[in-house]
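The structure appears below as structure tokens.
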Amino acid sequence: MSQYASLLIALPLFGAFFIPILKRTSKNAVMPFLVLVTLIQTGIAAWVFNEVYTTGKPIIVLAGGFKPPVGINLYIGHFAALFVLVIALASFLMAVFSLRAVSIEPKDKYAMLFLLLMLGATGMISTGDIFNLFVFMEITAISAYALTAYNKTGEASEAALKYIVLGGIGSSFFLVGVALIYGSLGTLNMAHIAELAHLVNPTVAKAGLALLIFGLAVEAEQFPLNAWAPDAYQEAPHPVTAMFSAFVVKASLYAMGRVIYILSAVEGWDSILRLLIILGTLTVIIGEMSALRQSNVKRMFAYSSIAQVGLIAVGLALGTQAGLSASVFHMFNHAIVKALMFLAVGYVALELGGAEISKFEGLGKKMPITAFAITVGAVSIIGIPLFNVFWSKVQLILAALNAQYTWVVALILGASLVEATYYIRLIHAMWFKGEGEKVKESNVLALVMLLLVALIIVIGIYPEPFWNAMQKAGSDIFDVAQYVKNVPLLGVNP
Amino acid sequence: MIAVYLFLIAAAVVLSMYRFFRGPTTADRIVAVDIMTTLTTGLMVLFALYYKRAIFLDVALVYAVLAFVGVVAFARYMEGGL
Amino acid sequence: MGEASRISRYIYTVLTLFVIWLFLTSSFDPQEVAIGAIFALIVGALTYEVFTERGLGNLSPKRVLYFIAYIPYFLWAMIKANLDVAYRVLHPKRPINPGIVECKTVLTNNVGKLALANSITLTPGTITLDVKGNRYFIHWIDVKDESVEGASEKITKPFEKFLKVIFE
Amino acid sequence: MSIASLIGQVLVLIGAFFYVVSALGLIRMPDVYNRMQTATKSATLGSLGVIIGAGIWAIGEVGSYSWIPKTLVIAIFLLLTNPISAHALIRAAYRSGVPLWEGSVVDKYKEAEKSLERVEGIKGNLEEALEEGEKDE
Amino acid sequence: MVKRILAIVFILIIGFWMAKALDQIPFGQDRMLVGKYYLEHVTEDTGAINAVTAVVVNYRGFDTLGEVTVLFIASTGVAALLWRKKRKRTAKTEGSIVLTTGARLLLPFIMLFGAYIFIHGHLTPGGGFPGGATIATAFLFFYLAFTVYEIDHKIFEPLEGFAGLGYVTVGLIGLAIGGYFLFDWIWQTWGIGRENVGRLLSAGFIPIIYTLIGIKVGTELTGIVDNMIKEPEEGG
Amino acid sequence: MNPYYFASIALILIGLYAVLTKRNVLKILVGLSIMETGVNLLLISVGYVSGRSAPILSEGITPDRAVDPIPQALVLTAIVIGVATTAMALSVVINLYERYKTLNVEEIRRLRG
Amino acid sequence: MNELALIVFTPLIAGAFAWLIDVKGIREIVGVLGAAVPLGYTALLYQKTGEGLSFVLNLGVFKLTFALNTLNWFFLGIGALVGFAAILALVSTGRDSYEWLFALMSLSGVLGVFLANDLMAFFIFWEIMTFASFMMVLHYNKAASLKYFLLSVFGAYAMLIALGIIYAKLGTFDFAQIQQAMYKEAYATAFGADTLFSKGESALIYLLFLIAFGVKAGMFPLHVWAPDAYSETNQSYAAMFSGVLSKAGVYGFVLLYILMGTRLAIEFGGFRSTTKFGYIIAFLGGLTIIVGGLLAALQEDIRKLFAYSSISQLGYILVGIGVGTALSMQAALFHALSHALFKGLFFLIVATIVYRTDKTTFADMGGLAEKMPFTFAMAFVAILSLAGIPPLVGFASKWVLFEAVISQNLPILGGMVFFGSAIGFVYLIRFTYAVWFGQRPSELENTKDAPLPMATAMAILALFNVVLGIAPGLVARELNKIFGKEVIGGNLFVLDLGFGRYNALAILIYLVVGIVIAGIIYFMGAKVRKVPVTDTYQSGNPVTMEYNLTIRRNFFLPLKETLAFWLRISFDKLYQDIGAWVEDLAEVLRNYVYNGNVQSYAWYLAVVLLILALWGV
Ligand code: NA
Ligand code: NA
């Protein structure tokens, strides 16, 4: 029965391949079909989540029926089960949003790319094979390239070009890393690599790990490898931007975490972590500073998102279980908040014809529900208690302190202060500046936004069950010994 | 013995590379590519013989097809026929 | 000569493809043959319209005979051409006298024209530069006659007597 | 060494020789047209020699006759396509404006093109005149 | 100039670093681990004699499904990005009769050859991707020769979809019959072709998948070519 | 240094050099492709075993006479991915050129800051 | 339901209801009830402070615990009382249901802060309080709210980090456990044993708490938000804001002593008769007194005056806490109570004036005593109390404080405290004359006296000012209870410190007589002199408006000019400059880093690769 979790991969593919055929019969059915597929995907993801969290055991999908490391396996542990659900749900909501947000043709192609972006991220977080990770990373990246350029403006193309060039360099070096690891161990399965990690030649291992992380860090938007991100975020269709921020970057972050921890036996591991902490820190600082005086709100959110991603990376690189759990929690919270924020900003841009901050003046009067949603999201990101992000920031602080990284704490403080500055400016513009006629807000989108708002507040007020889940998810990445034990490795040993 | 021929043909490929790098016109370079691909096809067939594996002949054939169409594509592009 | 029937063209295409398949697989394994037949039928169905105009008409004994006879003739021309090339290339003085000349052909069939053009290209000192209607423009490495008639006599005529039979 | 091997080897040798000639021609000839003249022909003939030779050689070397049909296919493919690509290239070279070598004696193509242009030009003028006439009505 | 020198210094250092790491992986040594397992079990597990193909389609079928998806994304993406209301070819000159006739004559042969490549994937170095690429080449040649030529998207796009659906469906049948997604039920459950190893009709679902991939890749690459070659019309 | 390793690293670096120094977007993309080629060559080289043949178990090749099939399978995938990326990149560049009328990276910077 | 839970959550729930119902009349009733419940329960719990009442709110991740003791009952009392008065006054001045929601929410917040028994509960309610008060300011003035918000976030995160460090080391947020652990730490330090917290970490925690509580208490130089925030909000609410919310900062400092005072004292040693860490607090408190007082004197806006005054008064409390003896602590707590009472009252008075006249600057006021006799009477009490004139509560607390500081032989602090008192007189004179006496602008002819709710609210606070002033022993008794020993002796009317005595009752009797006489003189005199204010000449020339030195305008201009150099040093401006500088830097940085050229971006990748390579080689 658990093998049916492979539907998580099969369904989006099936959906994407079916669209060209569907289009021939009814062009108008494509977008509703997209919503339907993402809805079913959410259902499957919910089932998988339930399965994993009730049994407490990961689902190991054996593609082709071959046991790893001979075959490729999917490892849907606590992390993947959780994030598969996040991805599916976010995709579903954004598919709903797309009904309204996407008017540029060819929509059937958009729907296909949309599904494949979702597929790519799903694959990245669930695969148990390092080359398969590369394949899913490329699926994600290439559909992201296409979607970034989808609007076909010069700027969109420019953004996509930057993404392609940087992503291309990243993926090439990632593959060099794979070649090094493979050349040294003769296997690609992550659990197998973890099991044999002590056998790798230290020089090779160090270079290999560094290159793998380098490649992933480009997609994970770590400074200074993230220069593509603000442009892509700004120019992609609004639902896509939300997806980038909500889960695409998270998938890369996860992959980074997974790769780091399966190779934790490698000599010089600590210094790689330290390097990553430095990168993460710079990501936070530069991201926040760049957001500070942005006049385009979407771009501002993009930088804000990058800064949060830096925090997540720092959490990943703390090298402790608490750090990972906090990091995962922050990923989760950030996914919800940024899905909401980009949805809202996109909706505003659609209704009012742009995302410049001037468009947001008087938004409280024009689009009160949207303005409210943005406000809640902003307040949450700043780290106000009783909103969800507060808890993950607290956990990050605790984890950093436990790991003797006191200055990370100062980082979070400073970052939050800067966040507070620019978000308050936005909130002020929305509620206390400008006038305007009330715009009829879409009921469906209002519902979606309020759902996310409710989620933010529910987690803020009652974080326990979520935190428990996050700790399990964090331990899923951290506890490599358990990971190796969970994967039914065939005895192919040197 | 086959190795000698392999070397001979490889030398011819290297020689024709001179024209590729030297130019001076784009047409010269494409001609060089055309010749190089033809020579390489022969080289591949000889390699198949060297390794005694007929399956490599398929590779040579695929290569010949792709190279041919590629060269024509370049030519048509140069001419403005695309 | 007009187009042959669809059936004729289809069968001719399938036959050609099937023979090529046999060559490709170099095998009479029934599995290969069967699959080859199937593929020939499918690919033939997709492509016969562009592949041939005359269909089975190509296989008339006269044409086949002339075609067989043409092979050694052409090969010999080609070897001569290459010796000529070798001479010009290896000769320290590089003896050439190039130019573009025009020839006329009596061929009207496209495949025939293609065969003529290819033949010209592969034989002594000439490359087909362009074909417009019945006018062939030819780059000649050692121009011996600039007039259309003279050039035609030297370049196209020798092939045409075969090609006319095979393709017209 | 079997007869087949011998024949095969001789063919390969001849082919390889022409390959080298082809490369030399590519280097030595003064313009792209003459380079094509020499290189294409010898490369094609060389291919026939090398590829078919290899097929025959395989009878002795590998002990299989199954090489011959496939090498034949490759050889014929090259025989058919090399002149086509050469033709496409030379036409492209000419049309993209690569000049003939200064020692060239005649360019009939240029003359033909010019007269063609004249014809086209007259045709164009006529069409314009016709269109205008229609407008007047 | 400074940029160039700096770039050279950079790449030399980076190259030295990679070389140092590679130095620890001696070239040409047998370090196979999983690879060895494949070589020893490939025929029994999959019925293919081409171990690469078995790895591609069976053992690492997931990668290949992903690979197919990547190409599908590219084809879709290119079509999405180059989509205009009206587009057409704007080539200046048609190919000469040599080229057009050559294209007509070569089309069936190249297509057949593509089919040959993908159907023999388990026996020779071919497979769905080179086979599909070869087929696409035939169409590309048509685009090169004729300035008015255009494929019929009404056929190509659904065909692409059907081929993809077929692949996923084959995988799902495996899930239904053998309990695993992409399980080779033809070989492992039904045992069809077990006596045929080394001949055409063997290797379970490999020929089927490679046929589907061949069709898919052929249509996709052709579609990409079509999109790239056309240009938007005024106001399109 | 083994020549195959050397060549693959050289290709990767040449590609990187092009990306870092060429102003024309198309040349940068070519640089990326060269890098990819280098990486593929590297993968193949890593899996090569001296004196062995392609892992197709016919014509007398037994498992102990074949090279590692995995890198070859990986490279097949990597090549296709490279082609896909290039196709995407080209269509992006087509759109870009249509709008900006330039392929100079120094002029393609409307998005900044 | 648990009494503590009722105290903490009733205002919030009432506020939510008031907001949802949004019907004038009903929301006021609901709101006032919401503030009355905590007050009632606080009164009821007076007898139960020793019973260890507690309440746990399980959030899962952390438990939020609340418990009652004598100390926090004292603060609870301040909060509930002044809070109730402010809410009552809000009946008149409340503009909309928004204000009801957030005013009550902030009351919940501050009561939660006082009742919290662990740091997480403390922090969360601290944030609720901050957020709600921010919303109240935001409603009136954006710039002020932004400044308040930023400093609050700064403080909040400082606290959060301190919490984090403590939790990371001790694994608990519970006050008792932290206190215990810190005692152990202190002994360990004293005996040179290993400690969980290094010296640096202890210093860091101290610094973080100093920032966190200092912001809320308006301690110099973190006070810059306060003048704007206190003045730019509903003035009824300002009574609570300044009277109660600032006490959360004070309470925080007290908590700091309780949790880790010993530890800090031992780690960092003493300074003269006090501890180093305490002296820092006290010294900053002293500066706060002076800066707040001087600036208060220079204000032309009545609200601003009291805002600065509030800051200045908080300085006294900080001095008391910083000196750190039992007596000075008691003095600080006492003054916290006094300040809440008289500053609450002041803000209600200001609220009434603004409500009735719609004016906020001294220039527009005058002669209101006649029109608003009741309010004037209230102002009279408040002025006397703030000025520290017996027998009002302000005197009692200030007297104890003076004694506590002087007795510790801390001359600088003593000087600051005395200077503060002097300057206090200065600005009070301004308030007294400019608002209540002198010529009344014609527009104010129809001014009415306070409406009933405000009058009631003022009366309540005034009553406490008087009662606790006459019977300071009531407070002393409570304070002694908190400290578990008799620090301040005496009886109901007499405070006996051992080296000084104060008999409130005796002074009351002298004063009643004095006031009666003064009142008679004033009311008679006011009829006699009626001089047009603008017709003043200086050296034969008409003075410009700039130099129009009436009591109502630019009265302290000479002072201003004297202090010109010092006034130019504005921390407010400094922070703004730093902010602007950071933003400019960020602007330059981002345009430099994200310069738009993809090749530059590729170089970034190459640089990272180079770093990896160099580090790998
Ligand atoms: Na010729
Ligand atoms: Na060729």
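A note on names: the letters A, B, ... follow the listed sequences, proteins ahead of strands, and every chain is numbered from 1.
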- side chain to side chain contact (heavy atoms under 4.5 Å, CB included) between D/N34 and C/H139, intermediate numbers included: CA-CA 8 Å; D/N34 290 301; C/H139 186 270; 3.4 Å; yes

- Task: Tell me, with the steps shown, if C/L75 and D/L48 meet side chain to side chain contact (heavy atoms under 4.5 Å, CB included).
- Result: CA-CA 10 Å; C/L75 278 180; D/L48 289 185; 4.2 Å; yes

- Query: Between D/L79 and C/N118, is a side chain to side chain contact (heavy atoms under 4.5 Å, CB included) present by the stated rule, with each step listed?
  - Reply: CA-CA 9 Å; D/L79 187 65; C/N118 280 3; over 6 Å; no

- Message: side chain to side chain contact (heavy atoms under 4.5 Å, CB included) for D/R95 and C/D130? Distances and angles first, verdict last.
- Response: CA-CA 10 Å; D/R95 292 191 159 220; C/D130 204 354; 3.6 Å; yes

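For the set D/A86, D/P30, D/A39, the entry with the most heavy-atom pairs within less than 4.5 Å of chain C is D/P30.
Once rounded to the nearest 0.5 Å, the distance linking CZ of D/F18 with CG of C/L83 reads 5.0 Å. In this structure, the separation between OG1 on D/T44 and CG on C/L122 is 5.0 Å, given to the nearest 0.5 Å. Distance CZ/D/R28 to CG/C/L90: 7.5 Å, rounded to 0.5 Å. To the nearest 0.5 Å, the span separating OH on C/Y87 from OG1 on D/T38 amounts to 14.5 Å. Separating the OG1 atom in D/T40 from the CD1 atom in C/I127 is a distance of 5.0 Å, to the nearest 0.5 Å.
When heavy atoms are compared at a cutoff of 4.5 Å, D/Y65 does not approach chain C at all. Interface remark: C/F74 contributes side-chain atoms only to the contact with chain D (heavy atom separation under 4.5 Å). When heavy atoms are compared at a cutoff of 4.5 Å, D/I76 does not approach chain C at all. For D/L72, the part lying under 4.5 angstrom from a heavy atom of chain C is the side chain only.
For C/L24 against D/K70, the heavy-atom pair with the smallest separation is O-CE, 2.6 Å. When every heavy atom of D/V21 is checked against every heavy atom of C/A86, the shortest pair comes out as CG1-CA, 3.9 Å. For the residue pair C/L129 and D/R91, the shortest heavy atom distance occurs at O-CB, 3.3 Å. Across D/H87 and C/T128, no two heavy atoms sit closer than the pair ND1-O, 2.9 Å. Here the closest heavy-atom approach between residue D/Q37 and residue C/T126 is recorded as OE1-N, 3.1 Å.
Among residues 99-115 of chain C, the residues having any heavy atom closer than 4.5 Å to a heavy atom of chain D are, in sequence order, C/G99, C/I100, C/V101, C/E102, C/L114.
Between C/D84 and D/K41 there is no salt bridge, since no side-chain nitrogen of the basic residue lies less than 4.0 Å from a carboxylate oxygen of the acidic one.
Shown here is C/Y73, whose OH atom has more than 12 heavy atoms of other residues, nucleotides or ligands within 6.0 Å. Around atom OH of C/Y66, no more than 12 heavy atoms belonging to other residues, nucleotides or ligands sit under 6.0 Å away.
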